[in-house]
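Have a look at the structure below before the remarks.
Quick caveat: nothing in here was measured; it's all calculated off a predicted structure. Note that these values count all heavy atoms, side chains included, but never hydrogens, waters or copies made by symmetry. One-based numbering, in listed order, for ligands and for the atoms of each.
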Amino acid sequence: MDIDEDTQKLAENIILRNAVDYNGRARLDSVISKILGSRPQIKSNIKDVIPKIKEILEQINSLSIERQRELLLQKCPSYFDAKKVVEKNESVLPPLINANIGKVVTRFPPEPNGYPHIGHAKAAVIDEEYAKMYSGKLILRFDDTNPLNEKIEYYDAILEGLSWLNIKPDIIKNTSDDINLLHYYGRKLINKGSAYICLCDQTTIHDLRSKGIPCQCRIHTDKTLENSDKIFNGYYHKNEAIIRFKGKMDSDNTAMRDPTLFRIIENTHPKLGDKIFLWPTYDFAAPIEDSLDGVTHAFRTKEYELRNELYRQILTILDLRIPEVIEFSRLEFEGLPVSKRKLKPLIEEKLVEGWADPRLPTLMGLKRRGFTPDAIRRFVLSLGITLSETKPSIEVLEAFNRKIIDSKSKRLLFIDEPFKLTIKNANRKKVLFKNHPSIEMGSREIDVNNVVFISSKDAEKLKNGMEIRLIELYNIKVSTIDMAKKEGLVEYTDDILKENIQKIQWVSELDMVKYTILKPNKLFIGDKLNPNSLEVLEGFAESYVNTLSKGTMVQFIRVGFCCIEDTKSAILTHK
Ligand code: ATP
Ligand code: MG
């Protein structure tokens with residue numbers, strides 16, 4: 001029977017990876033379990049599919065490893081990106097222009113309107129690395145000039161996230177601390193004739209802006225200063241008046257078509273309460289704050305590019321020093337929203353558990369899932385400060401993380417969909433199980449009698465008469481397998497280590513607890529929410545898991561690296 005094109009492609013990719021990972025020889029059993037992992041629906045007609053997979057496997061195994069690499073590079077370049085980047089492991093931050101040792105000042109300016117995510121980590125790490133590179137200073141500045149969205153909870157979450165990332169700002173401040181100063185410069189711009197109070201309604205403003213036509217309010221008269229007093233004194237309410245920059249209404253750069261500098265927001269501000277109602281926009285606050293704070297190099301994501309002209313003009317008119325503005329690309333992933341704007345609705349509509357959901361790229365989510373701050377730092381540095389829009393593969397982050405946690409994670413046993421094996425002729429024994437195969441991490445004893453549980457996925461592949469090895473235990477020969485009852489009978493054969501015999505993991509009936517592993521998958525497929533974004537693997541783990549505290553990293557053999565949640569569950573970090 002033929003298999004559909006998608007499955008064929010998937011099989012080819014998996015087989016090629018497996019072959020390249022294992023010296024040019026892919027193994028049928030591991031390949032099939034991987035294919036079934038991605039396409040569980042094939043299970044029902046697996047018998048028909050296997051011969052075809054075997055055929056592809058034999059064909060790929062017959063190629064030289066060089067050829068296999070070549071093909072894999074064509075089909076799945078991200079595989080090599082991950083390996084290469086991790087092996088190189090070097091920061092690719094280029095030197096800054098106009099930078100002097102001891103004089104560089106950078107700033108990270110988050111708005112406290114949500115929890116920090118990996119995009120913030122990118123910006124904050126770059127800001128911090130450059131400050132370090134030039135023995136300069138890093139400022140953390142909460143850009144809190146929109147009381148509609150900002151909350152103390154978010155200021156705290158950002159502080160906590162940065163501290164987790166081991167980023168220590170030299171100065172911490174709020175833009176709102178300088179609100180009087182910002183008002184002062186606002187008035188100054190009006191007095192200089194470079195800004196005005198606009199009383200038009202929003203539709204008119206929008207309409208004229210898109211047509212590139214100025215409105216009457218723009219003309220400087222005695223009324224301008226009178227209205228200026230009025231807006232600063234609280235005469236106007238929400239949407240009745242704004243302060244606009246006098247740019248160029250027919251500029252090709254739409255950001256210069258008299259953008260808003262101040263608007264009225266009558267909400268309670270988390271730091272200043274109700275006393276302020278006239279709030280500067282980011283366009284106005286950012287250049288002034290950067291300049292007055294002594295920032296020498298201001299990094300922004302690329303979407304602000306058009307706003308650089310405005311940034312410089314405001315400072316020029318006000319006779320303020322102009323920092324270097326440097327852009328880098330926004331960090332985004334395939335199938336995983338990063339920005340707060342996209343994350344917030346998921347949380348509000350309860351489509352995910354909250355900001356710490358392990359499927360999310362928030363710092364809390366990544367931490368809970370088992371990513372280390374060091375891996376995040378190395379990952380964002382490996383991206384450099386390019387402007388390219390390509391979305392990096394999350395596998396690169398995983399590869400950095402694996403390298404860090406591998407030597408710290410104990411190897412433990414877990415099986416899902418338990419299948420009971422009764423072993424004939426087995427003596428009760430205590431198995432000494434090494435906590436790590438190559439690093440000295442001690443060992444533990446597992447008490448085994450004549451009943452063990454294996455995963456049903458492994459049981460499915462067992463045939464009468466087949467010999468397999470229970471990892472670190474002994475070899476057994478299959479007598480009967482009953483998939484419906486989920487139990488089987490096997491016979492102890494010997495202890496000899498044999499090549500070419502399948503090795504499967506197990507847990508002992510005398511030493512196990514019920515256990516759950518949560519497996520986060522991509523949140524979106526295309527633009528649809530993936531219904532399978534959080535898989536739940538229910539099964540048994542060895543009771544040793546009960547001694548582990550939250551946040552401990554382990555590797556469940558043949559499942560992957562996991563971060564312990566509590567005594568009953570863990571979250572799969574990655575393979
Ligand atoms: P969001 O859409 O998540 O609200 P934002 O840019 O409005 O993004 P801020 O809190 O204003 O979020 O951003 C603080 C800093 O972090 C800014 O310098 C911004 O450019 C940077 N930043 C935010 N998201 C990313 C990202 N995905 N990649 C790189 N830098 C980012
Ligand atoms: Mg923002």
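- Close approach of ligand 1 to Ser339 is summarised as follows: ligand atoms under 4.0 Å from at least one heavy atom of the residue are 1 (P), 2 (O), 3 (O).
- Here is the list of ligand 1 atoms found below 4.0 Å of a heavy atom in Pro109: 14 (C), 18 (O).
- Atom numbering of ligand 1 starts at 1 in the shown order; those under 4.0 Å from a heavy atom of Val338 are 27 (N).
- Heavy-atom neighbours of Lys188 NZ from other residues, nucleotides or ligands within 6.0 Å: above the threshold of 12.
- Polar contact with ligand 1: absent for Phe299 (N/O pair, distance under 3.5 Å).
- Here the shortest heavy-atom distance to atom 23 (C) of ligand 1, taken over Glu303, His120, Glu111, Arg141, belongs to His120.
- Electrostatic pairing of Asp229 and Arg187 counts as a salt bridge here, judged by a charged N lying under 4.0 Å from a carboxylate O.
- Across every non-hydrogen atom of Ile101 and Met133, the tightest pair is CD1-O, 4.2 Å.
- Between Arg377 and Glu129, at least one side-chain N (NZ, or NE/NH1/NH2) sits under 4.0 Å from a carboxylate O, which counts as a salt bridge.
- Taking every heavy atom of both residues into account, Asn401 and Thr372 meet most closely at OD1-N, 2.8 Å.
- Among Lys340, Arg300, Arg341, the residue whose heavy atom lies nearest to atom 9 (P) of ligand 1 is Lys340.
- Here is the list of ligand 1 atoms found below 4.0 Å of a heavy atom in Phe328: 29 (C), 30 (N).
- Within the structure, ligand 1 lacks Tyr282 among the residues with a heavy atom less than 4.0 angstrom away.
- The shortest heavy-atom contact between Glu324 and Asn98 is OE2-ND2, 2.6 Å.
- Looking at Leu331 against ligand 1, both its backbone and its side chain come within 4.0 Å, counting heavy atoms.
- Other residues, nucleotides and ligands place more than 12 heavy atoms under 6.0 Å from the NZ atom of Lys550.
- Because its NZ or CZ atom is not both nearer than 6.0 Å to the ring centre of Phe524 and within 45° of the ring axis, Lys342 does not count as a cation-pi partner of that residue.
- Close approach of ligand 1 to Pro110 (heavy-atom distance below 4.0 Å) involves ligand atoms 10 (O), 14 (C).
- Backbone and side-chain nitrogen or oxygen atoms of Ser329 are examined, and none is located within less than 3.5 angstrom of a nitrogen or oxygen of ligand 1.
- The shortest non-hydrogen separation linking Leu383 to Pro392 is CD2-CB, 3.6 Å.
- Residue Phe108 approaches ligand 1 through these ligand atoms, each under 4.0 Å from one of its heavy atoms: 15 (C), 16 (O).
- With a 4.0 Å heavy-atom cut-off, ligand 1 is reached by no atom of Glu332.
- Residue Lys246 qualifies as enclosed at atom NZ: its count of foreign heavy atoms under 6.0 Å is above 12.
- Listed by atom number, the atoms of ligand 1 under 4.0 Å from His117 heavy atoms are 3 (O), 24 (N).
- Ranked by closest heavy atom to atom 20 (O) of ligand 1, the top entry among Ile118, Thr362, Thr301, Leu383 is Thr301.
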